[in-house]
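Notes for the one structure printed next.
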Amino acid sequence: MQVTRENKDDLNAIIRIQVEKKDYEKAVNDKLKDYKRNANMPGFRPGMVPMGMIKRMYYKPVLLEEINKLVSEQLTKYIDDEKLNILGEPLSNKDEQKDVDFDSQEDFEFVFDIGLAPEVDAEMSKKDKLTYYKIDANKKLIDKHADSYASQYGEMVDGEEVQEEDVVKGTLSQLTSEGEVIEGGITVENASLSMKVVKDEEVKKQLTGAKVGDVLQIDLKKAYPSDAELTRLLNISKEQLETESMLFQLTIEEISRWKKAEINQEFFDKAFGEGAVTSEEEFRNRLREEIERAYAQNSDYKLFLDLKSKMTGKFKSDLPEEFIRRWLLESNEGKLTEEELDKDFEKVKDNLKWQLIQDAIIKKFELKVEPEEIEELARQQVLMQFRQYGMANIPEEHLNNYAAEMLKKDQERRRLYEQRFQEKITQLAKETVKLEEKKIKEEEFSKLFEDK
Amino acid sequence: MDIIKKPIITEKMTNLGEKLNRYGFIVDKRANKIQIKRAVEEMYDVRVDAVNTIIYGGKSKSRYTKTGIIHGKTAAYKKAVVTLAEGDNIDFYSNI
C-alpha cells in the first residue's frame, strides 16, 4: 500500500493509492468465511458449502467492497495525516485512472484529484468598518405594539348596536321566498355570525346598526360565499345547500364585542405583574425595550450578512474553479445541469469562500461550541415551536425529550451548530470590528434585506 | 484402463481439500501411486505432492425375502487421497 501526492499547482493535486493483494486479502477472506458460515444453499447442510462455491458467488462483490473501503479509508487518513485542507471531495482522475479489471488484476492503482483550499486570512480588526443598524422604536411602532397588548388583555362585552367587528348571536329560521317562516324548516338556535366573515357589503350594511331583538331577513348564500362556512353554521350537508332555500330570518339575541383593555393600572398589573409598571410612560418604555430586544436579533443578522459580504469581498485568493465545477456536477448528478451551474456559480463560489473564511475565523479566534450549548439551543427552539401553537407551559421533561429527538437528526444538529457559530461570529465581529451605529426605521430596515 | 473413476465428494473430503489441499478419488484397483499421480496431474492440470491409497474390501450382504435368503457382495475399491503442491487446487464445483 502506497499513497503518494503530486501537486499540480497551488490549488490542485493528485493522490495516488496503490493497493496490493496483501492489503486486502485477509479482509476479503475473513468476509468470505463469514459468508460461508451463514450460507444456506440447496444440496448442502447450512455452513457446509464448499469455499469454491462461495468464492465463485461472492468473491467479486466482496473484493469490490473491501477495496472501496480500504481506498476511502486510506484517502481520509492521508488527508488527515498531511493536514490537507481540501475543497469538496476527492474525485477520480479521468485522465490517469486506468481501467480496473477485478477479474484478472491483483494490484490496483487509484488516482484521485483533489482541490486544495487556498490560505485564508481571517483578519478582523478595527480597520474594518461595518454599520450596525439599530431599529428605532418610534411612536408608531410602540403604538402598534401597545394596541396588540391591549387587545390581548381585552374582554368580551355586550354591545347595543352591531358594529364592524362584532359577533352577532341569535336564532336563524328558514324562510320561503315570500318571506314566511317554513314550519319544520332549518332552524338554528344560538347561531353566531361574525361580522368579520360576512363578505357581502349589502348584508354588512343591513346588519350594521341592528339592535338586540331586531328581526332581519338575510340571504345567507350571499353573506357567506364559502360553502364550508355555511354547512358548519347551519349544520347541514353540502347537498342540502344546493336544494334548500337560503333565505333566513335572524332574530338577534346578543351582540358580543371584543373590547380592548383600557390603559390603566389594572391592565398594567395584569400584563406585567403587580406593581411592575405604574404609569403609561413606564409602559411605553417597557414596550420600547421589548421591541428593541426583538429587533436586535434582526440587527445582528444584518450585521452578519454585511460581515459575510465584506469578508468574501476581501477574499482575494483563487479557488480551483475547474475542480469545484466538476465536483458539483458529479455529486449532484442528474439534479444539476451545466447551465444551472453556470448561472449560480458565482453564488456557489461566494458560499465556498465564506465557508473557508468561517473555518479560518473559528480556528483563529478559537471559537468553540460545546454540546451543552447546542442542547440549550435545541430546547429553546422546541419551546418556541410550542409557543407558536399557544402552549407556553411545557414540562421540563417533555422539553428535554423533544430536544433530544431533534438532536438525533444529523441535519438538525448541523443546522444548530451552524446557527450557534453564526451567533458567535457576529458577537466576535461586534467586539473586533469598528462598528458604526445607525438608527433606522423599521420599514427602511426591511428594505435593506430586499435589496440583497 | 481408466485410472481415475470418480472424485469423492463428501463433507469430509471438502474439509480436507480446504484445510490440507487434499482431494480424494476412487481409482482403479490395479493403479499404483505413480500412475495415479500422473493421471491427476494430467486431468486437472495441477502438481501432485503425494498420493496415499487405501483398498476397501467388499462386504458380503444378505437379505431375507419371501423366496429365501439372498446373498450378495458390495464391490471392493481403491481410494486415493492426493495431496497437491502448495498453490494448486481443484474446484469440483466449478461447473455447477
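Side chains are part of it too, since the values below use all heavy atoms of this structure and drop only hydrogens, waters and symmetry mates. Each chain gets a letter, A, B and so on, in the order the sequences are listed, and its residues count up from 1.
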*Nearest 0.5 Å, what's the CG-CE distance between B:Asn15 and A:Met51?*
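It comes to 12.0 Å.
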
*Supply the atom-to-atom distance A:Lys55 NZ to B:Asp91 CG, rounded to the nearest 0.5 angstrom.*
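Going from NZ on A:Lys55 over to CG on B:Asp91, the span is 9.5 Å.
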
_B:Glu18 with A:Lys33: basic N within carboxylate O range, under 4.0 Å_ =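 Between A:Lys33 and B:Glu18 there is no salt bridge, as every charged N stays at least 4.0 Å from the carboxylate O atoms.
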
_Non-hydrogen atoms of B:Thr14 and A:Pro50 that approach each other most closely_ =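 That closest heavy-atom pairing would be CG2-CB, 3.7 Å.
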
Does atom [atom1] of [X] have more than 12 heavy-atom neighbours, drawn from other residues, nucleotides or ligands, at distances under 6.0 Å?
{"X": "B:Glu42", "atom1": "CD", "result": "no"}
{"X": "B:Ile34", "atom1": "CD1", "result": "no"}
{"X": "B:Asp45", "atom1": "CG", "result": "no"}
{"X": "A:Asn38", "atom1": "CG", "result": "yes"}

